[in-house]
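These notes are about the structure you will find just below.
Index from 1, following the sequence. Counting starts at 1 for both ligands and their atoms, following the listed order.
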Amino acid sequence: LFCKIANREIPATIVYEDDQLLAFEDVNPQAPFHALIIPRRHISTLNDIQERDAALVGGLITRAAQIAKDQGHAQDGYRTVFNCNRGAGQTVFHIHLHLLAGRSMNWPPG
Ligand code: AMP
């Protein structure tokens, strides 16, 4: 599914893209601002990342922080989440970093 978004076969509201990464708005937002940051390369779950993917995964986090700043959420705060496998709520099996902002967040998460 997210490979199709990366290839522009399925529409999405893209907030950032480069040759490695893509960020787009979540279709079912759980906060006033909710974006997903994905690598273009297909990796199913966080269990599948290798040492060689460290820069790519780091790039997802760096980009999330930059988008949060650009959207004006850096000061109030925001949450980033990777869900890994069904027990954690993963429903799309292409790794994605959730970026949620614009409201206060609870801890622990549900
Ligand atoms: P997860 O449950 O962590 O796997 O997150 C998957 C997320 O993808 C959910 O928040 C969905 O709302 C979102 N989602 C599913 N399909 C689309 C889509 N076509 N465009 C944007 N977001 C989507």
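- Counting heavy atoms under 4.0 Å from ligand 1, residue Val81 does not touch it at all.
- Residue Phe82 places no heavy atom under 4.0 Å from ligand 1.
- Per-residue contacts place Asn28 under 4.0 angstrom from the following atoms of ligand 1 (heavy atoms of the residue considered): 12 (O).
- Residues Arg40 and Cys3 have side chains not in contact (no heavy-atom distance under 4.5 Å, counting atoms from C-beta outward).
- Ring orientation note: the planes of His98 and His34 are tilted relative to one another, at an angle of 30° to 60°.
- In this structure a side-chain-to-backbone donor-acceptor pair under 3.5 Å is missing from Gln20 to Asp18.
- More than 12 heavy atoms of other residues, nucleotides or ligands lie within 6.0 Å of CD in Glu9, so this atom counts as buried by the packing criterion.
- Under a 4.0 angstrom heavy-atom cut-off, His98 registers as being in contact with ligand 1.
- Close approach to Ile5 involves these atoms of ligand 1, each under 4.0 Å from a residue heavy atom: 18 (C), 19 (N), 20 (N).
- Checked against a 6.0 Å centroid threshold, the rings of Phe24 and Phe2 count as neighbours.
- For ligand 1, the polar-atom distance check against Asn83 finds a nitrogen or oxygen pair separated by under 3.5 Å.
- Residue Leu1 approaches ligand 1 through these ligand atoms, each under 4.0 Å from one of its heavy atoms: 16 (N).
- Taking only non-hydrogen atoms, the option from Val27, Thr45, Asp26 nearest to atom 7 (C) of ligand 1 is Asp26.
- Salt-bridge formation is detected for the pair Glu17/Arg8: a Lys NZ or Arg NE/NH1/NH2 atom is positioned less than 4.0 Å from an Asp or Glu carboxylate oxygen.
- For atom 5 (O) of ligand 1, the closest non-hydrogen atom on the protein side is His96 NE2, 2.9 Å.
- Between the side chain of Arg103 and the backbone N or O of Phe33, no donor-acceptor pair lies under 3.5 Å.
- The Glu25 neighbourhood of ligand 1 comprises atoms 21 (C), with distances under 4.0 Å to a heavy atom of that residue.
- In this structure, Asp53 pairs ionically with Arg41, as a charged nitrogen and a carboxylate oxygen lie closer than 4.0 Å.
- Both the backbone and the side chain of Thr91 come within contact range of ligand 1, each with a heavy atom under 4.0 Å.
- In summary, the atoms of ligand 1 found under 4.0 Å from a heavy atom of Phe2, numbered by their order in the structure, are 8 (O).
- Put simply, part of Gly89 is less than 4.0 Å from ligand 1, judged by heavy atoms.
- For the pair Tyr78/Leu100, no side-chain contact is recorded, criterion being any heavy-atom separation below 4.5 Å from C-beta on.
- The closest approach between any non-hydrogen atom of Phe93 and ligand 1 is not below 4.0 Å.
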